[in-house]
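There's a structure below that I have some questions on.
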Amino acid sequence: MTDPTDESAVLIDGPWKHRTVSAAGTRFHIAEAGDGPLVLLLHGFPQFWWTWHGQLTSLAEAGYRAVAADLRGIGASDKPPRGYDLITAASDAAGLVRALGAADAAVVGHGTGGLIAWTMAGYFPWVMRRLAVVSAPHPVRLRRAVLTSPAQAWAARGLLAHQAPMAPERMLAADGAARVGALLRSWSGPGWPDPETERHCRAAFGVPGAAHCSLEYHRWLFRSQARPDGHRYMRRMRAPIGVPVLQVHGERDPFLLPRAARGSGRHVDAPYRWRLVRGAGHFPHQERPEAFDAALLGWLGDAEPDDWGPERTGQNR
């Protein structure tokens, strides 16, 4: 059996500083860089704060205060036994904004972090000035795609495998979290991940409890569909999002297909911009960082974004 990883393994040195912030009764590890308007970065699966290390630098250089957080249960953040539903996670993120001393933030979320960011816009819009979602369809759109598209249902079949108790997290953490590296490779475009990314992500999932907690988000996503809390969540999320949204998706994403993400703009009653990153898979912010940063910084710097999305204009951008 592989020895567990100490949390210090995720405190990677760089042009940022690490600290712990308490919010919503939980301690969160963050890495931050720069000064200016707050940009809160939420990671996806199977990753941790370091997925945003490139954006911590580019955002800081552009005049923003960039903060990348480890989600509840991941990396060096607390790992409580409960709270892995999207509403609690969105409350965590909203609490982080206030704990960081900001009135609001531009929130950028990838994968699971993107679903959390969508949920923030539905439940806590007053702490968001803008929203950027990466590889994350709107939750209502995602549910519809899984139920009506055999291709998307097959692509996301791993979520079903994660519903079994205990065995999936043991497999995820086994052999130095080798499966984490396999997932990164299978969900990305050719030539990624680089060895450093794989090494860091595998170390993060060797931290005791991290594999289990990461899968608890997936379990709630699946199991809540037939429960009252899931029905209440979907009903709430059907209300239009009133926050300006940038949606970025990898052209080759094999896990959440681009066709499943298209249509999310129908749930946004505010400026909405769609950007497809050519050649990228599920991790466009790391696979094609220059193209991603251009889209993100252009969106954040546009004082009056007037895009209203291909769903409304009929254009295919």
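Nothing fancy with the numbering, it's 1 onward along the sequence. Note that this is a predicted model, so its numbers are computed, not measured.
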* To do: Give the C-alpha distance, both sets of side-chain angles, the deciding distance and a yes or no for ring-ring contact (aromatic ring centres under 6.0 Å, His included) between Y233 and W220.
  => CA-CA 12 Å; Y233 172 75; W220 183 86; 5.5 Å; yes
* **Pairwise side-chain contact, T26 with S77, heavy-atom cut-off 4.5 Å (strictly under)** =>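 Counting from C-beta outward, T26 and S77 never come under 4.5 Å.
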* Asked: Do the rings of H267 and H138 sit parallel, tilted or perpendicular, given the 30° and 60° boundaries?
  ->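 Correct class here is parallel.
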* Sidechain-backbone polar pair: T88 side chain, Y84 backbone, donor-acceptor under 3.5 Å ->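 Absent.
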* Taking all heavy atoms of G63 and all of P37, pick out the closest pair and write down the distance. =>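 So the minimum-distance heavy-atom pair works out to O-CD, 3.5 Å.
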* Using a cut-off of 6.0 Å, state whether more than 12 heavy atoms not belonging to W126 lie near its atom CH2. =>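 Yes, the 6.0 Å shell around CH2 holds more than 12 heavy atoms from other groups.
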* **Minimum heavy-atom distance A76-D70, with the two atoms named** =>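 Answer, listing the atom of A76 first, then D70: N-OD2, 3.1 Å.
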* Asked: Could you state the interatomic distance from CZ (R232) to CZ (R227), rounded to the nearest 0.5 Å?
  ->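 Reported value, rounded in 0.5 Å steps: 10.0 Å.
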* What about the rings of W50 and H200, do their centers lie closer together than 6.0 Å? ->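 They qualify: ring centres under 6.0 Å apart.
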* **Basic-acidic side-chain contact under 4.0 Å: D35, R65** =>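 The answer is no: the pair does not qualify as a salt bridge.
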* Asked: Quick one: does V108's side chain get under 4.5 Å of V39's, heavy atoms only?
  ->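 Side chain of V108 against side chain of V39, heavy atoms only: contact under 4.5 Å found.
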* Minimum side-chain heavy-atom gap M237-Y123 below 4.5 Å ->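 A side-chain contact under 4.5 Å exists here.
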* Give a yes or no answer on whether the side chain of Q225 reaches the backbone of G230 with a donor-acceptor pair at less than 3.5 Å. =>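 Flag not set: sc Q225 to bb G230 has no pair under 3.5 Å.
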* Test item: V127 and V107 side chains (from C-beta on) under 4.5 Å apart, heavy atoms ->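 Side-chain contact under 4.5 Å: no.
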* Side chains of S224 and D85 in contact at under 4.5 Å (non-hydrogen atoms) ->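 S224 does not reach D85 side chain to side chain.
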* Taking S186 for its side chain and L183 for its backbone only, find out whether a donor-acceptor pair lies under 3.5 Å. =>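 Confirmed, S186 side chain pairs with L183 backbone.
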* Please assess T119 against F124 for the test side-chain contact (heavy atoms from CB on, under 4.5 Å), listing each intermediate value before the final yes or no. => CA-CA 8 Å; T119 305; F124 308 100; 6.0 Å; no
* Asked: For D293 and S58, what are the C-alpha separation, side-chain angles and deciding distance, and is it a side-chain hydrogen bond (donor to acceptor under 3.5 Å, both in side chains)?
  -> CA-CA 7 Å; D293 287 355; S58 59; 3.2 Å; yes
* Asked: Can you name the salt bridge (charged side-chain N to carboxylate O under 4.0 Å, His left out) partners of E251, sequence neighbours left out?
  ->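 Partners of E251 under the salt bridge (charged side-chain N to carboxylate O under 4.0 Å, His left out) test: R278.
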* **Flag side-chain contact, heavy atom, 4.5 Å: V277 against H249** =>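 Side-chain contact under 4.5 Å: no.
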* **Step-by-step side-chain contact (heavy atoms from CB on, under 4.5 Å) determination, W154 to L257** => CA-CA 11 Å; W154 177 252; L257 307 178; over 6 Å; no
* Between R202 (side chain) and D175 (backbone), is there a donor-acceptor pair under 3.5 Å? ->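 Yes: the side chain of R202 pairs with the backbone of D175.
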* Counting heavy atoms not belonging to R157, are there more than 12 under 6.0 Å from its CZ? ->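 It does: R157 CZ has more than 12 such atoms within range.
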* Taking the six-membered ring where the residue is Trp, are the ring centres of W49 and W16 under 6.0 Å apart? ->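 So the answer is yes for these two rings.
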* Taking the six-membered ring for Trp, are the ring centroids of H43 and H110 within less than 6.0 Å of each other? ->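 Judged by ring-centre distance (under 6.0 Å), H43 and H110 do not meet the cut-off.
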* With a cut-off of under 6.0 Å to the ring centre and 45° to the axis, is R72 in cation-pi contact with F28? ->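 No cation-pi geometry.
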* **SB check R223 E216 (cutoff 4.0 Å)** =>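 No.
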* Asked: With distance as the sole test, does R273 use its side chain to make a donor-acceptor pair with the main-chain N or O of V245 at under 3.5 Å?
  ->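 No, R273 side chain to V245 backbone: no donor-acceptor pair under 3.5 Å.
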* Asked: Mind checking what makes ring-ring contact (aromatic ring centres under 6.0 Å, His included) contact with W187, not counting sequence neighbours?
  ->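 In terms of ring-ring contact (aromatic ring centres under 6.0 Å, His included), with neighbours along the sequence ignored, W187 is linked to F255, H282.
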* Asked: Got a sec: does the CZ of R129 have more than 12 other heavy atoms crowding it under 6.0 Å?
  ->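 Counting neighbours around CZ of R129, more than 12 heavy atoms of other residues, nucleotides or ligands fall under 6.0 Å, so yes.
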* Heavy-atom closest pair, residues F205 and A211 ->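 Minimum heavy-atom contact is CD2-CA, 4.1 Å.
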* **Min side-chain heavy-atom separation F283-S135 under 4.5 Å** =>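 No. Closest side-chain heavy atoms not under 4.5 Å.
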* Identify whether the distance between the nearest side-chain nitrogen and carboxylate oxygen of R185 and E198 falls below 4.0 Å. =>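 Here R185 pairs with E198 in a salt bridge, since their nearest N and O are under 4.0 Å apart.
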* Show your working on side-chain contact (heavy atoms from CB on, under 4.5 Å) between V67 and L41 and close with a plain yes or no. => CA-CA 6 Å; V67 173; L41 303 156; over 6 Å; no
* Checking W118 side chain against A136 main chain: does a donor-acceptor pair fall under 3.5 Å? ->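 Yes; at least one donor-acceptor contact below 3.5 Å.
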* Asked: Is a side-chain donor or acceptor of S22 paired with a backbone partner of R27 at a separation under 3.5 angstrom?
  ->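 The answer is no, because no donor-acceptor pair under 3.5 Å joins these two groups.
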* Okay, side chain of R144, backbone of S149: is any donor-acceptor separation there less than 3.5 Å? ->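 Side chain of R144 to backbone of S149: no pair is present.
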* L131 side chain reached by L246 side chain, heavy atoms, under 4.5 Å ->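 No. Closest side-chain heavy atoms not under 4.5 Å.
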* Give the C-alpha distance, both sets of side-chain angles, the deciding distance and a yes or no for side-chain contact (heavy atoms from CB on, under 4.5 Å) between V248 and L276. => CA-CA 6 Å; V248 182; L276 192 68; over 6 Å; no
* Check: I241 main-chain N/O paired with D269 side-chain donor or acceptor under 3.5 Å ->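 Judged by distance alone, no pair lies under 3.5 Å.
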* Which pair of heavy atoms, one from M120 and one from A94, lies closest together, and at what distance? ->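 Residues M120 and A94, closest heavy atoms: CE-N, 3.9 Å.
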* Asked: Which pair of non-hydrogen atoms, one from A295 and one from R275, has the smallest distance, and what is that distance?
  ->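 It is CB-CG, 4.2 Å.
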* Asked: Looking only at heavy atoms, which two atoms of A99 and A23 are closest? And how far apart?
  ->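 Answer, listing the atom of A99 first, then A23: CB-CB, 4.2 Å.
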* **Pair K79 + E7: basic N to acidic O under 4.0 Å** =>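 The answer is yes: the pair qualifies as a salt bridge.
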* Asked: Rounded to the nearest 0.5 Å, how far apart are CG of D92 and CG of L71?
  ->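 Between D92 CG and L71 CG, I get 8.5 Å after rounding to 0.5 Å.
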* M171 backbone acceptor or donor facing R179 side chain under 3.5 Å ->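 It does not hold such a pair.
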* Just how far is it from atom OG of S264 to atom CG of L142, taken to the nearest 0.5 Å? ->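 Separation between the atoms: 8.5 Å.
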